[in-house]
Amino acid sequence: MTGRPLVSIVLPVYNATKYLSDSVQRLRALDYPSYEVVIVDDGSQDGTAAKARELTAGDARFEVVELPENRGVARARRAGVEAAAGELVWFVDADDSWTTDALRVLVGMATERRADVVVAAAALVTRGGRRRAITPPVSAPVDGRTAFRMLMRGEITGHLWNKLFRREVLLRAEFTPARVQSDLALVADVLGHATTVAFTGVVIYTYVLHDGSIITSVPRRADSLALVHRRVSDTARRLGLQESNDLAYFTARYIALSGIKDALQAGYSKGEKKALISRNRALIHWISIRVSMRRRDLRRMLLIATAMTSLTAHSVLLKISDR
């Protein structure tokens, strides 16, 4: 490839040899003239880096970055962005799929709207094979502060793969090294630095939830949730939103409820469990229930209310929700 590519696709991998061949094939099939792919091997032990070099040999669009030890997906993504040459960055995962016109959709919107971030539609496939739509609000572009508030309200998800980012804005953000939900922390920070955020209702990506996915395999999440909470709270403070109802709702929904569920289900000792439940209950305020009521989110309103008042009732609701 000659000249600087417009888009860099960052693909972090760890022990991913069984997915690499299909992933590289899907990346080569993208219908766009100017892109590169930075594959970052995060200290794999199964020959992933060698496999990546073998699959991409002779294709100048591909670069393989090999990290000496496994340090987590957030740091692997940061290494990929630092190695990238493109003005725009898109993150993908090796075991997912995307449409061949994904870059045309994302870059077209970024160019047309002069956006720092583009949010597209996607689909999530559960382990049971159920397909759930991830649909952003299709509206006129908004500024970063407004988009950050939309994220806190749950109108924009914290996923990376349905978004295109301007590289210079990404590099202003912190790649929080949380084992789970590091995506959410990064998206929040980037939105807080963005000037313009644009939306499209076009579905570009399908995320497949496997048994080995980080979201299902990490047994204890307390440390990660604390890191995410700190990053989002710091961004809210920088934007003057530290006292907003949106932050209270986000904290209850994404941090406290996740933390209480983790405490109840992740096999902590009795003392650890008690401390975690107490800590997370302290993060919930009645304003979160009022916000849930205004949004007609009965399920989450009940989860927040029972988390505050009755762990027995809360556990029953969690079992029903998990079905």
Side-chain angles (χ1 to χ4, degrees), residues 8-20 23-24 27 36-56 62-86 89-96 158-163 165-193 207-235 254-255 258-259 262 266:
S8 295
I9 302 170
V10 174
L11 171 62
V13 288
Y14 176 68
N15 291 346
T17 52
K18 66 180 178 180
Y19 298 116
L20 265 180
S23 180
V24 169
L27 289 165
E36 69 168 0
V37 180
V38 181
I39 301 175
V40 184
D41 177 58
D42 187 23
S44 295
Q45 300 172 342
D46 68 342
T48 291
K51 182 70 171 178
R53 296 185 196 282
E54 174 191 335
L55 289 169
T56 62
F62 287 80
E63 176 184 359
V64 179
V65 175
E66 190 171 355
L67 302 181
E69 60 180 335
N70 177 245
R71 300 186 66 196
V73 68
R75 291 189 172 102
R77 286 173 176 145
R78 174 80 191 197
V81 174
E82 289 175 345
V89 175
W90 182 37
F91 296 99
V92 300
D93 290 338
D95 52 348
D96 297 332
H159 305 111
L160 286 174
W161 26 256
N162 66 327
K163 298 173 181 68
F165 302 94
R166 198 164 298 280
R167 180 175 178 270
E168 65 176 305
V169 179
L170 264 176
L171 289 174
R172 295 173 63 190
E174 180 177 324
F175 286 67
T176 302
R179 295 171 68 208
V180 292
Q181 295 194 16
S182 63
D183 297 28
L184 174 58
L186 179 57
V187 170
D189 204 357
V190 173
L191 292 178
H193 285 98
Y207 174 78
V208 182
L209 194 61
H210 299 282
D211 286 334
S213 299
I214 289 177
I215 194 172
T216 62
S217 61
V218 175
R220 297 187 178 195
R221 305 177 177 220
D223 290 344
S224 290
L225 290 170
L227 287 172
V228 174
H229 186 212
R230 187 177 305 119
R231 172 52 40 209
V232 174
S233 297
D234 286 348
T235 301
Y254 291 98
I255 305 300
S258 296
D262 177 59

Problem set entry | Trace of the side-chain contact (heavy atoms from CB on, under 4.5 Å) decision for F91 with L170 | CA-CA 12 Å; F91 296 99; L170 264 176; 3.9 Å; yes

For this session: For residues D96 and V92, determine if any side-chain heavy atom of one lies less than 4.5 Å from a side-chain heavy atom of the other.
Result: no

For this session: Not counting sequence neighbours, which residues clear side-chain hydrogen bond (donor to acceptor under 3.5 Å, both in side chains) with S8? List them please.
Result: E36

Exercise. Of V37, V38, L11, L55, which meets side chain to side chain contact (heavy atoms under 4.5 Å, CB included) against F62?
Worked result: V37

Exercise. Does D93 reach the main-chain N or O of P12 with its side chain, forming a donor-acceptor pair under 3.5 Å?
Worked result: no

Exercise. With T17, which residues qualify under side-chain hydrogen bond (donor to acceptor under 3.5 Å, both in side chains), at least two apart?
Worked result: D46

For this session: Kindly write out the residues that satisfy side chain to side chain contact (heavy atoms under 4.5 Å, CB included) with L227, not counting sequence neighbours, or none if the list is empty.
Result: T176, A178, R230

For this session: Please name all residues satisfying side chain to side chain contact (heavy atoms under 4.5 Å, CB included) with Y254, sequence neighbours left out, ordered by chain then number.
Result: L184, F250

For this session: Determine the interplanar angle of the Y207 and W161 rings, folded into 0 to 90°, and report it as parallel if under 30°, tilted if 30 to 60°, perpendicular if over 60°.
Result: parallel

Problem set entry | Test side chain to side chain contact (heavy atoms under 4.5 Å, CB included) applied to D183 - qualifying residues, sequence neighbours left out | R77, L160

For this session: Using ring pair (Phe, Tyr, Trp, His ring centres under 6.0 Å) as the criterion, list what pairs up with H229, not counting sequence neighbours.
Result: none

Exercise. Does a side-chain heavy-atom distance below 4.5 Å link L20 with T48?
Worked result: yes

Problem set entry | With sequence neighbours excluded, residues passing side chain to side chain contact (heavy atoms under 4.5 Å, CB included) with S258 | Q181, L225

Seminar exercise, completed: By salt bridge (charged side-chain N to carboxylate O under 4.0 Å, His left out), D234 pairs with (sequence neighbours left out) R237

For this session: Only counting residues at least two apart or in another chain, list the ones meeting side-chain hydrogen bond (donor to acceptor under 3.5 Å, both in side chains) with E174.
Result: R231

May I have the list of side-chain donor-acceptor pairs in residues 79-86 shorter than 3.5 Å, sequence neighbours left out?
residue, atom, partner, partner atom, Å
E82, OE2, R78, NE, 2.9

Exercise. Heavy-atom distance under 4.5 Å between the side chains of V180 and S224, does that happen here?
Worked result: yes

Problem set entry | Reported CG-to-CG distance for the pair N70 and N15, which is rounded to 0.5 angstrom | 8.0 Å

Exercise. By side-chain hydrogen bond (donor to acceptor under 3.5 Å, both in side chains), which residues pair with E66, not counting sequence neighbours?
Worked result: R53

Problem set entry | Minimum heavy-atom distance between E69 and D42, given as atom pair plus value | O-OD1, 3.5 Å

